[in-house]
Structures are given as structure tokens and as C-alpha cells.
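Source: prediction; values computed, not measured. Convention: sequence-line order gives letters A, B, ...; per-chain numbering from 1.
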Amino acid sequence: MGRDPGRSRWFVSIIASSAVALVGLLIGASGAQAQAQPGVTDNEILLGGVYALSGPVRFITEPYEQGMRTVVDEVNAKGGIHGRKLKWILEDDAYQPARTLAGAKKLVERDQVFAIFGQLGTPTTLAIVPYVEQAKVPLFSANLPVDPAPKYAFGLQANYSDLIYPLTQFVIKTMPSKKIAYFYQNDDVGETGRIGLARALKESGRSLVADVGYERGTNEFETSVLKLRDAGADVVIAMGTAPSIATAMRQASALGFHPIWGTYAIGASGIMKKLLGPDIDGLIFASEEESQYSDSPGMREANELIAKHFPGASNDWVSMIGYGEGKILVHALEASGRDLTRDKLVASLNAMSDFDAGVLPVSFSPTKHVGAKSVKIFRWQGGKPEPQTDWIPIGGEQK
Amino acid sequence: MIAYLLTGLSYGSLYALLGLGLVLTFRSTNVLNFSQGGMSMLMAFIAFEFATQAGLPILVAIAASLVVAGVLGGAVYNILIYPLRNRDQDTLAFVALSLELSIIGLAALIWGAESRVFPRLFATDRIEIADLIISTPHFWTIVCGVVSVCVIATLMRWTDLGLAMRVAAENPEVAQLLGVNLRVVGTTAWMAAACLGTLTGVLLASTGFLQPYMMGLVVLKGFAALVVGGMHSVMGVIAGGLLLGILESFAAYELNPLVQDSVGLALIILVLLIRPQGLIGGGGGWRG
């Protein structure tokens, strides 16, 4: 018996139309997915961080991570933000800019994170700003050395020159007869610091008695120290890594040379105190952050929470940077509402003017994406930093 | 001026100590020992652990780590180098380089990248002689340099072992025919080099800080001392190290401390171009 041609045609048309319907359904579904935000589900917001989880800067990123993780865990324990828990996943860049970019791409394209929160370092941040701008993914880094403000990238810490400028002004004002010298790491750290230094010196008609640099990676500072001593420096403004500055200070002291040392926020770091012991007393530094030893309510809460989540963690300056970033993130996500989008997060961050992040006051606007808004000068006395000034607005004059 | 000279001398002694370790292994086993820096750092950490964890007095801790260094140096030679002794110099140098990177990686894993303060070796920070001030670690670096040189030079020149080492370096086959046990010679050289490394590491850590990456530039300068000294000569490497230290210091004084780290590299290039056999080397030059 032959097959009924009419029946077969009917069968083909059923198959064909269901195939069309299926394709249509798939297209419709993917269209709907494109409208939802990557990394945001009904009960979770997926965030990424990319910074050194290995290598020589890990001792800085570890406390940073503890600070940030404390805020994330704390907010999740209270039920999350608008019913969504935060999930924070990390990629290791080993402080190598090429790997930062690869890590950021992985987070955005493979893991589909909603935003990148957590990045530390100038060269590594610079490596990913163009990418996040093009991908339209919000980025929050501890440092943002980009001017003018990009659209999607934000940062927290003050520019080095914005720290060294008020520090130099403080020295000139409070120690007018002291001779000032500059000791710097020969890279962007030293050169950015120099901008603030030169500005303050020029404004008061002063000049340096010595200008002594060293190459990154060296540990021989004695000839530099001799140069500073021979120039008769009374105050040495130092820009470099904490171990380098601490080594130079120790070698100076061994040679009987005891100037007043001044530096940027790294002067508050736990590592500096550990390396110098009681010899840290007298060191002055400028920071955008409250001292971690301060008993201000915000700092007390930060110290308590970090100790609760990471028993035994040192209350380091950089853990407070991570903590401050976490507070900013939580506030901005809350302000963005349940109907969360990347553009809404950016708008909420831009709207945060005069926000108290617990450990430092910050201000953002569409044209100002670096959070830090003011600087305080501290001096180590009796094993802790004591404030020497009030908050000095960045770019403003010292009272 | 004198202060710069003293600084130069003490860093020069450090380079010479490093270079001395390099010359020993190069002469007797033909290995450009790139792992000397890593070994120095590792031994400084071991001394640190003996002092802080085991609570030994620092000098006892250093003595104990010298013993560990001897064992480790001998082990490295017997496990990694001896089985490959018939391979060419490049292969051996790569083995040493891989070992260096592994040691640094391992140390970073165990102790983290954080800088640590090495326990105080000396009661005072500085020694003052008339108007001169020298920091105590630097003073002892110079002393250690002088003592090590005397010991090694005596060993090489006047003992049978030293003679065996020199013959082994000159011509391993003839040495074997003469009844020299190459394995004993190699083991001794690597043990001695590791002990010199311990001194280097401890002295460097006590002038600055203890850190897995601390040998970075310094080890390059040990190699500069080796090249300047003509690769084979104990006296040459000492002279090379001291010369480099003093040149660096005067470059910092006359020009800028920024240039001081480049002096060593410039010196390597200059010596290789003008006098490849080294300043004190014999006629042989770079013997492969």
C-alpha cells in the first residue's frame, strides 16, 4: 500500500510550523534576557573584583579584601539589598596590568557580573578603564588616576598630589624655618607627589634643599640618605612604598641623621608601624581617611565588624579603604532600588555628595568620580597617629 | 666623602660575598648559579624562624642556619646538578634559574610578601670612630667579607681540597684520572656557597628588611662582581665587588643616587667589551 501524499504533506507542515514557532520562542526568550541585567537575579546580585591575590602586593590587598568582605557579609546577614544577597567573586591579576584586563573580561563576559567592585593599584586600574567604559560596566577601584571623570569608572583614594600639597603646606606653615628635601621613588608615585609638592613650594616662594630619587626594587638607600643629610634637610617628604620609606628612615637613623619624615596615606599603614616599631613616632602623613586608631563612631564600628568577621586581622589603613568601598557600594545599590540596572547604579553613585562612608567622608558627582573630598594631617605620637588638622578640602586652602 | 666610601665598601663587601659564592660553584662545577640569591634569602628566613619561632639567640640561630645551608647546598648539588653534570653550561644555568624562581615562589607562599624586621644582630645601631659613623650591620658586612675571603682563599690555595677544586675546574677528565672525586669537590663547593649565601642574606636583611623579593637587584650585582673579576678568580671577584660598591657610591655622590643601580650593568658591558677576561682574570677569559 502506497503512502497517502495528503497525509505526508500535513505532517511536514506540522513539523515546519512547530519549528518556526520554536525559533520564534527562542528569539523572544533571548530578547527578554537581553533586557534583564547581567548578574542580577531575583535573589542575588553578582559582583566581581580583580586585584592581586598573589605576589608582592598581596600583603596590601589582603586587608583590603577583609574590609570589603566584612561589609558584604554583614549586609547579607541582614537579608541583603532589596531582597537580593550579594555574591562577590574574585580574579587574581598578580598586580600585572595585562592580567587585570584578562580578569575583568572574564568577570564581565564569562561570569556575567553586574559590576566590578574591588581593584587596587594605579597601573592595573588604568589597564581596565577603557574596557569597562566600552562594555558599560560600572567599575569601582581604590584608585582612579583618570581625568576628566570617565562615565562608568569610579575611585576612592585621593590623588598623591592632593595629599602632598596640604602636607607640604602644613610643613611650611608650622615649621617655617625648616629646610625641606624630597625623597622619591622614580616612577608615577614620585612624580605625582612632586606635583603637589612643587605647587605648595611655589606658592610660598620656597625651594628644596635636596631632590633625591631611587629606583623601584632597590634596597640600598644609604647613599640617598647621605645626600639628604649633607644637604642639611630638616624635613624629608618621602614618596614610595612603605618598606622603602621605612628602610630609608632606619638607615638614616643608623647614620645619626634624624629629620622629620613626611609622607602620604601609606604612613598610616600597619606595615609601617611593624617595620619601624617605636621609631615611627614623629612621622607625619596626609590621609583622606580617618586614623584607624580614632574612636570616631564610624571607625569604631569598622574596627569591631572587621574583628568580628576576621578575628586577628590587623586594623590596617588599607582594610579601612576596602571597608569604605563596601559602604559606598551598599549605599549606591540601596539607592538604586529593586529595579536595578547598571545605569541606575552609576546614577546613584553620581548622586552621593557628602556621604559618610564611616571611615572617610566622600563626594561624587558626574564630573567627580574620585570619592575622597578632604585630607587630614596626622603625626605618629605614642604609637598612634594623632590628627594635627581638621579635614582640609581637596583643592582648597588650609585654615 | 669618607661616609660614601664606607657605604661603598660595605655594599661592595656584600657583592663580593655573593660573587664569592658564585665563583666557587662556577669554578668547580661549571654552573652559573642563578639560585645564589634565592638561597641567601631562604637562609635568612630560616635564621629568622630559628630566632623567632624556636626562640634561639640570634647568633645561635645563624649558626644553625649555616648547618641547614650546608645540607641544602650539598643536596641541591647531588640531586639537581650532579646528574646533569655532562650537560652544557646553558642547561645547568637554566636549572639554577628555575631553582631561583622556585625558591622565591615557595618563600612567598610560606612567608607572604610582607616585609619583616630581622632580629637585631648588634647591641648598637652605629659605630663611631672619631668623626666617622658607620652603621653596625655595614661594619660587620665588611668584617664578614674580609674573613670569608681569607678563609676561602686559604682553602683554595693551600689545601688538597682547594687544589682538587682548581683541577676539577680546569679539566674534569684529567682531574678524574688524577683520582679527584668530582662529586666530593662539587658537594663541598655548593655547601660553601650556600653558607656564604646565608651570611649575605642575613647581613642584607639586617640592613633593610626580610622579604622574599629582597635579593632582586643585589644578586645582579653579585654577577657583575663575578664578570668584573674574570669569572674564575677568588681575588678577582672580591676586587670586582668592592670596586662596584665604591663606584656606585661615588656615582650617587657625584651624580644622583638614581644612577647607582645602573653602574653594575654598565660595568658588566664595559668589562665584556674591553677586557673580557676580567680585571684580574688570567688569559683564558670566559671559559666554557
Side-chain angles (χ1 to χ4, degrees), chain A residues 52 54-63 94-95 183-187 190 210-230 241-258 269-277 279 314 316, chain B residues 1-4 6-8 10-11 14-15 104-105 108-109 111-118 120 122 124-128 132-139 204-218 220-221 245 248-253 255-262:
Chain A
S54 62
V57 300
R58 180 59 185 155
F59 73 93
I60 295 173
T61 57
E62 193 175 3
Y95 199 55
F183 171 67
Y184 65 96
Q185 183 165 297
N186 190 27
D187 62 6
D211 193 354
V212 179
Y214 69 87
E215 290 296 348
R216 196 158 150 176
T218 191
N219 39 20
E220 298 164 22
F221 301 102
E222 215 170 280
T223 49
S224 303
V225 163
L226 287 171
K227 278 248 170 191
L228 294 166
R229 186 190 71 178
D230 292 351
T241 61
S244 307
I245 296 173
T247 308
M249 286 172 69
R250 273 207 348 181
Q251 292 184 351
S253 150
L255 288 169
F257 173 50
H258 304 283
S269 64
I271 182 84
M272 201 86 175
K273 190 183 175 195
K274 225 163 115 187
L275 292 177
L276 287 165
D279 293 342
S314 58
D316 200 77
Chain B
M1 189 74 175
I2 300 285
Y4 287 87
L6 282 177
T7 298
S10 76
Y11 279 112
L14 204 63
Y15 307 152
I104 295 176
L109 206 65
W111 290 286
E114 191 180 316
S115 303
R116 287 152 205 270
V117 182
F118 199 77
R120 275 178 93 91
F122 318 104
T124 53
D125 269 350
R126 58 174 182 270
I127 295 170
E128 290 178 48
L132 287 180
I133 300 177
I134 179 166
S135 74
T136 319
H138 281 171
F139 176 76
L204 190 69
S206 58
T207 52
F209 294 102
L210 181 59
Q211 213 244 11
Y213 303 89
M214 71 182 194
M215 296 301 296
L217 281 170
V218 184
L220 262 182
K221 294 173 184 178
E248 274 188 348
S249 200
F250 280 105
Y253 175 70
L255 305 165
N256 189 319
L258 269 181
V259 302
Q260 85 182 31
D261 288 322
S262 328

Undergrad: With respect to chain B, which residue among Gly213(A), Ser244(A), Pro243(A) yields the maximal number of heavy-atom pairs within a distance under 4.5 Å?
TA: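 Most heavy-atom pairs within the cutoff with chain B belong to Gly213(A).
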
Undergrad: If you tally heavy-atom pairs under 4.5 Å against chain B, which of Ser54(A), Ala246(A), Ala248(A), Ala242(A) wins?
TA: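 Ranked by contacts with chain B, first place is Ala246(A).
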
Undergrad: At a 4.5 Å cut-off on heavy atoms, which part of Ala108(B) comes close to chain A: side chain, backbone, both, or neither?
TA: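 Neither part.
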
Undergrad: Can you tell me which portion of Phe183(A) sits under 4.5 Å from chain B's heavy atoms? Options are side chain, backbone, both or neither.
TA: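 Answer is neither: Phe183(A) stays 4.5 Å or more from chain B.
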
Undergrad: To the nearest 0.5 Å, how far apart are OH in Tyr4(B) and CG in Leu226(A)?
TA: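 Taking OH in Tyr4(B) and CG in Leu226(A), the distance rounds to 5.0 Å.
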
Undergrad: If you define the side chain from C-beta out and look only at heavy atoms, does anything of Arg250(A) sit under 4.5 Å from Val117(B)?
TA: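 Yes, their side chains come closer than 4.5 Å.
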
Undergrad: Who among Ser115(B), Ser135(B), Ser262(B), Pro137(B) has the most heavy-atom pairs with chain A under 4.5 Å?
TA: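 Counting heavy-atom pairs under 4.5 Å, the top option is Ser115(B).
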
Undergrad: Between Tyr214(A) and Phe221(A), does the ring centroid distance fall short of 6.0 Å?
TA: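 That pair passes the under 6.0 Å test.
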
Undergrad: Side-chain donor-acceptor pair under 3.5 Å between Tyr15(B) and Glu248(B), yes or no?
TA: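 Glu248(B) and Tyr15(B) do have a side-chain donor-acceptor pair below 3.5 Å.
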
Undergrad: Please list, chain by chain and in numerical order, all residues satisfying salt bridge (Lys or Arg N to Asp or Glu O under 4.0 Å) with Arg58(A), sequence neighbours excluded.
TA: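 Glu65(A).
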
Undergrad: Hey, can you pull the donor-acceptor pairs under 3.5 Å for the side chains in residues 207-217 of chain B, sequence neighbours left out?
TA:
{"residue": "Thr207(B)", "atom": "OG1", "partner": "Leu204(B)", "partner atom": "O", "Å": "2.9"}
{"residue": "Gln211(B)", "atom": "OE1", "partner": "Tyr213(B)", "partner atom": "N", "Å": "3.0"}
{"residue": "Gln211(B)", "atom": "NE2", "partner": "Ala113(B)", "partner atom": "O", "Å": "2.8"}

Undergrad: What residue in Lys274(A), Arg229(A), Lys227(A) has the most heavy-atom pairs under 4.5 Å with chain B?
TA: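 Result: the option with the highest number of such pairs is Lys227(A).
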
Undergrad: Check whether Val218(B) gets within reach of chain A through its side chain, its backbone, both or neither, counting any heavy atom under 4.5 Å.
TA: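 Contact with chain A involves the side chain of Val218(B) alone.
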
Undergrad: What part of Gln251(A) lies closer than 4.5 angstrom to a heavy atom of chain B: side chain, backbone, both or neither?
TA: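 Side chain only.
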
Undergrad: Contact part of Ile271(A) toward chain B, heavy-atom cut-off under 4.5 Å: side chain, backbone, both or neither?
TA: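 For Ile271(A), side-chain heavy atoms alone lie under 4.5 Å from chain B.
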
Undergrad: Does the side chain of His258(A) reach to within under 4.5 Å of the side chain of Met249(A), using non-hydrogen atoms?
TA: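 Answer no - side chains too far apart.
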
